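Because the structure is predicted, anything quoted here is derived from the model rather than measured.
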Amino acid sequence: MNDGEQVFDLLDRRLVQALMVDGRAAFSRIAAVLGTTDQTVIRRYRRLRGAGLLRVLGLPEGERVGLYESRLRIQCVPGAAVAIAEALARRPDTGWVKIFSGGTEVGCLVSSRTREDHEALLLRKLPRTRQVTGVTAQTMLHEYTAGGVRWFARDGLTPEQIAELAPASAPVGGEGGEAEDVVRLDDADHAMLAVLARDGRAGYPELAAAAGRSESTVRRRVEYLRGSGALSFDVEVHSAHLGFGIEAGISATVAPSELAAVGRALAGHPQVPFAAAVTGAANLAATVLCRDQRDLYRYLTEGVGALTAVHRLEVLPVLRQVKRAGLLSDGSRLYDAS
């Protein structure tokens, strides 16, 4: 059995879910909730991370820190999708990059620090690429899902265990107590976030050294950024290792008056780790994880099919995940699609 086919055991899966609830939770806290020992949790985590099967990443939330973000669908001439996807994946301003089934369409998330950089990609660089035949850009208006822990439909953590692991919420607003629309990041913040983007569980001494601040200052800053919604922790793990053989994107058209209700309904489905209202003709985007094609068919007919407000539905199976949450798949078994 190769890494692409390996399925984690029960403790592995529960460890992954615990980290999805709080990526920086102390191993002792996770062990207590899972009913095992600290050393067992530490050993499992180190084994999975060392094998390239699991990562915890600390990532800035685009809207809260003033990034210019778009979800792109890029149509390509036959045979060009891999090269275009790999070129996009090497850019520091792309998050995830996927090739959809059919091999002529690439999807990606672009997060630019300036409007000029964002417009340069959308208006100049991509349109001038001869192998690109069309580009559709969507802005995410509202995300209905939060945390991604609901899609463990089988033998997952109980609601009580999730509540025990959930991090304490810091007050939303400025550190001086005033509300902010955008959290302003300085050079020290960017240096700290660069470390967290590689290892979301990096210790405070390492973060302090990178930021040039004291450990106590860095600790308070991380807590503030988390509480204000400017920093979140994501677990990078191939869905196949959790028993989900199929990932698909969903693009749906819903009447505006029903959009919020349908979005919330999708967010409540265990198969959906992500659902959001977006701009464009199709105003709802979602990601679906299923165990196999029969499971996907059953979900589309019984899950989405029960939402009568959905007027048009497009299903885009993911053929290959080239980049996840800012990390290239190259050289890591975590994202090996072979």
Side-chain angles (χ1 to χ4, degrees), residues 6-36 38 40-42 44-49 51-62 64 95-96 109 143-170 196-202 222-223 225-227 229-244 247 266-276 286-291 321 323-327 332 334-335:
Q6 176 180 338
V7 177
F8 291 0
D9 67 18
L10 177 61
L11 181 57
D12 290 337
R13 294 195 298 274
R14 290 183 173 173
L15 172 59
V16 170
Q17 190 180 9
L19 291 170
M20 286 181 173
V21 178
D22 184 358
R24 289 185 67 84
F27 287 128
S28 58
R29 186 158 146 240
I30 294 175
V33 171
L34 298 185
T36 186
D38 300 10
T40 297
V41 170
I42 292 170
R44 289 295 183 106
Y45 174 77
R46 288 178 175 171
R47 176 177 62 80
L48 294 174
R49 189 175 188 275
L53 301 174
L54 170 71
R55 289 189 184 93
V56 177
L57 308 177
L59 302 170
E61 292 292 335
R64 292 294 290 128
W96 49 264
L109 174 68
E143 184 176 350
Y144 299 106
T145 45
V149 299
R150 304 173 65 101
W151 51 272
F152 280 73
R154 185 187 65 182
D155 57 41
L157 300 181
T158 66
E160 292 76 19
Q161 289 174 313
I162 292 174
E164 283 188 65
L165 287 165
S169 298
L196 291 173
R198 297 190 298 270
D199 179 8
R201 294 187 63 86
V222 169
E223 291 174 354
L225 292 176
R226 292 190 78 177
L231 172 65
S232 64
F233 290 89
D234 193 10
V235 176
E236 283 305 300
V237 58
H238 199 301
S239 56
H241 298 315
L242 301 173
F244 298 97
E247 177 181 344
L266 280 179
H269 294 172
Q271 297 89 347
V272 179
F274 169 82
T287 299
V288 175
L289 296 174
C290 293
R291 302 192 183 281
Q321 185 98 38
K323 187 179 186 181
R324 294 174 183 259
L327 291 180
S332 170
L334 177 60
Y335 311 131

Taking Asp234 first and then Arg55, would you say they form a salt bridge - that is, a charged N and a carboxylate O separated by under 4.0 Å? no

In this structure, CZ of Arg324 is separated from OG of Ser239 (nearest 0.5 Å) by 5.5 Å

With a 4.5 Å heavy-atom cut-off, do Asp12 and Leu242 have their side chains touching? no

Heavy-atom closest pair, residues Ala286 and Val272: CB-CG1, 4.3 Å

Run Leu231 and Glu61 through side chain to side chain contact (heavy atoms under 4.5 Å, CB included) and show every step you take. CA-CA 6 Å; Leu231 172 65; Glu61 292 292 335; over 6 Å; no

Arg49: which residues meet the salt bridge (Lys or Arg N to Asp or Glu O under 4.0 Å) condition with it, sequence neighbours left out? Asp199

Which residues pass the side-chain hydrogen bond (donor to acceptor under 3.5 Å, both in side chains) test with Glu247, not counting sequence neighbours? Lys98

Heavy-atom distance under 4.5 Å between the side chains of Thr40 and Leu11, does that happen here? yes

Does Gln271 offer a backbone N or O that forms a donor-acceptor pair with the side chain of His269 under 3.5 Å? no

I'd like to check the side-chain contact (heavy atoms from CB on, under 4.5 Å) partners of Gln161; sequence neighbours left out, ordered by chain and number. Val33, Leu157, Thr158

Going by the rule side-chain contact (heavy atoms from CB on, under 4.5 Å), which residues pair with Ala230 if we only count those two or more places apart in sequence or in a different chain? Arg64, Val65, Val183, Leu225, Ser228

Arg46 (side chain) donor-acceptor with Val41 (main chain) under 3.5 angstrom: no

Less than 4.5 Å apart, side chain to side chain, heavy atoms only: is that true for Leu289 and Pro273? yes

If you define the side chain from C-beta out and look only at heavy atoms, does anything of Lys323 sit under 4.5 Å from Trp96? no

Whether Arg226 side chain and Ser232 backbone form a donor-acceptor pair below 3.5 Å: no

Might you work through the salt bridge (Lys or Arg N to Asp or Glu O under 4.0 Å) test for Asp9 and Arg14, ending with a clear yes or no? CA-CA 9 Å; Asp9 67 18; Arg14 290 183 173 173; over 6 Å; no

Identify whether NZ of Lys or CZ of Arg in Arg13 sits under 6.0 Å from the centre of the six-membered ring of Phe8 and within 45° of that ring's axis. no

Quick one: are Leu53 and Val237 in side-chain contact, heavy atoms under 4.5 Å? no

With sequence neighbours excluded, tell me which residues meet ring-ring contact (aromatic ring centres under 6.0 Å, His included) with Tyr45. Phe27

Does Gly200 offer a backbone N or O that forms a donor-acceptor pair with the side chain of Arg24 under 3.5 Å? yes

Please tell me if the side chains of Phe233 and Leu196 come closer than 4.5 Å, counting only heavy atoms from C-beta onward. yes

With side chain to side chain contact (heavy atoms under 4.5 Å, CB included) as the test, would you mind laying out the steps for Leu19 and Arg201 before giving the verdict? CA-CA 10 Å; Leu19 291 170; Arg201 294 187 63 86; 3.7 Å; yes

For Arg29, check salt bridge (Lys or Arg N to Asp or Glu O under 4.0 Å) against everything at least two apart and list the hits. Asp22

Ser28 side chain to Asp38 backbone, donor-acceptor under 3.5 Å: no

Using the rule side-chain contact (heavy atoms from CB on, under 4.5 Å), only one of Val16, Leu15, Leu57, Val21 pairs with Val235; which is it? Val16

